[in-house]
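Let me begin by presenting the structure, written as structure tokens, before commenting on it.
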There are 2 protein chains.
Amino acid sequence: MEGTELAMGELSDLLGYTLKRAQLRVFDDFLRCVAPVNLTPAQFSVLILLDNNPGRNQTEIATTLGILRPNFVAMLDALESRGLCERQRSPSDRRSHIVVLTDKGRATLARAKKLVQTRHEARLIELVGVENRDALLSMLATIARDF
Amino acid sequence: MEGTELAMGELSDLLGYTLKRAQLRVFDDFLRCVAPVNLTPAQFSVLILLDNNPGRNQTEIATTLGILRPNFVAMLDALESRGLCERQRSPSDRRSHIVVLTDKGRATLARAKKLVQTRHEARLIELVGVENRDALLSMLATIARDF
DNA sequence: ACTATTTGATATGGTCCATAACAATTATCG
DNA sequence: CGATAATTGTTATGGACCATATCAAATAGT
């Protein structure tokens with residue numbers, strides 16, 4: 001039985017590899033921290049978008065999150081079945097569904113935001129250092145936007 | 001038809017969200033840059049590990065990459081069917097398969113490394129700035145390791 | 001020698017992502 | 001106006017990736 005660690009080679013110097021590894025860790029921690037309200041990162045992002053963009057339909061919400069419309073249907077079904085949001089028929093266009101947060105949805109989102117801040121992001125900031133957090137976020141945003 | 005952009009709200013300030021978005025972009029660009037040798041990020045990481053750790057078996061390679069043994073079987077099948085690596089019976093333990101790079105595998109890896117460096121990483125470094133790249137990599141590695 | 005463990009493998013199910021197609025509705029424009 | 005095109009939500013479907021249980025062969029442990 002060989003107990004020796006394997007050499008990562010040039011993987012340690014690959015931004016993409018380290019980026020993916022970090023992302024998996026962060027999402028895993030997010031799930032643990034937000035477990036009390038039972039929201040995935042994707043569901044959390046949907047609730048935030050609904051809160052900040054009232055009166056929008058499914059397509060608009062989905063596409064701004066990079067979710068394809070067909071895949072957004074089941075996501076909304078899950079949130080709506082838990083009473084966190086509602087589909088309403090638009091009076092101006094009877095094809096589209098306007099998605100709105102319910103009171104329960106707003107309350108859940110508030111709890112989730114608090115959990116994310118106090119448990120998840122706080123620990124993350126402490127890890128990388130307060131003085132580096134904004135630079136990190138800025139670089140990641142640049143990559144996400146302009147790469 | 002509303003042409004207005006939606007507000008991202010507190011998503012813009014969420015490290016996890018931006019991290020994921022950046023990761024998707026980076027992997028997408030990796031695929032484009034490495035398309036001439038037809039390797040996914042995961043396959044590339046396997047080849048690198050094989051090159052740096054001769055004489056190891058499937059389980060050791062897979063687990064260091066965070067790949068579960070059952071899922072590694074098909075991955076190796078694909079690489080082996082392309083003649084990039086080979087499974088050899090270990091003389092010391094006839095249960096395990098030692099995985100080795102073939103000459104073609106080494107050549108392909110060399111081409112891939114060159115493509116990654118000159119097209120992929122170079123552009124990424126240029127985007128975030130040479131002076132920031134190491135700090136970025138270091139923070140991501142810290143998150144991946146200690147979070 | 002008998003049991004427990006390990007290794008590669010198969011089967012299977014879940015989640016996420018992507019495309020095609022469809023009915024209902026609305027927009028286009030001849 | 002009316003025929004055609006485009007849009008919206010939806011379903012169906014398939015692929016990629018991830019996780020668990022299980023198995024036969026081989027080895028380790030006692």
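Remember, it's a predicted structure, so these values are computed and weren't measured experimentally. Chain naming here is simple, since letters A, B, ... match the order of the sequence lines and numbering starts at 1 in each. What's counted below: heavy atoms across the whole structure, side chains too, no hydrogens, waters or symmetry copies.
Between Arg123(A) and Asp146(B), none of the side-chain N atoms (NZ, or NE/NH1/NH2) sits under 4.0 Å from a carboxylate O, so this pair counts as no salt bridge.
A salt bridge (charged side-chain N to carboxylate O under 4.0 Å, His left out) with Glu121(A) holds for exactly one of Lys114(A), Arg133(A), Lys113(A); it is Arg133(A).
Each of Arg89(B) and Ile67(B) was matched to the nucleotide of DNA chain D holding its nearest heavy atom; the match closer to the 5' end belongs to Ile67(B).
Note: the hydrophobic cluster containing Leu115(B) does not contain Phe27(B) (ILVMFWY, side chain heavy atoms under 4.5 Å, direct or indirect links).
Taking atom CZ of residue Phe72(B) and atom P of nucleotide dT10(C), one finds them 15 Å apart after rounding to whole Å. Across the protein-nucleic acid pair, Leu65(A) atom CG and dC16(C) atom C1' stand 15 Å apart, rounded to whole Å. For the pair Leu68(B) CG and dT7(C) C1', the interatomic distance rounds to 14 Å; values are reported in whole Å. In this structure, Arg56(B) atom CZ and dG8(C) atom C1' are separated by 18 Å, rounded to whole Å. Atom pair Met75(A):CE and dT15(C):P shows a separation of 13 Å (rounding to whole Å applied). We find that CZ of Phe27(B) is positioned 18 Å from P of dC16(C), with the value rounded to whole Å.
In this structure, Asn132(A) has no side chain to side chain donor-acceptor pair (under 3.5 Å) partners at least two apart in sequence or on a different chain.
Think of Val73(B) as one node in a network of Ile, Leu, Val, Met, Phe, Trp and Tyr side chains linked at under 4.5 Å; it has no links at all.
Residues Arg69(A) and Thr63(A) are in side-chain contact: their nearest non-hydrogen atoms beyond the backbone lie under 4.5 Å apart.
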A correct 5'-to-3' footprint of nucleotides 8-17 of chain D, with B, S and - meaning base, sugar-phosphate only and no protein heavy atom under 4.0 Å, is SSBBB-----
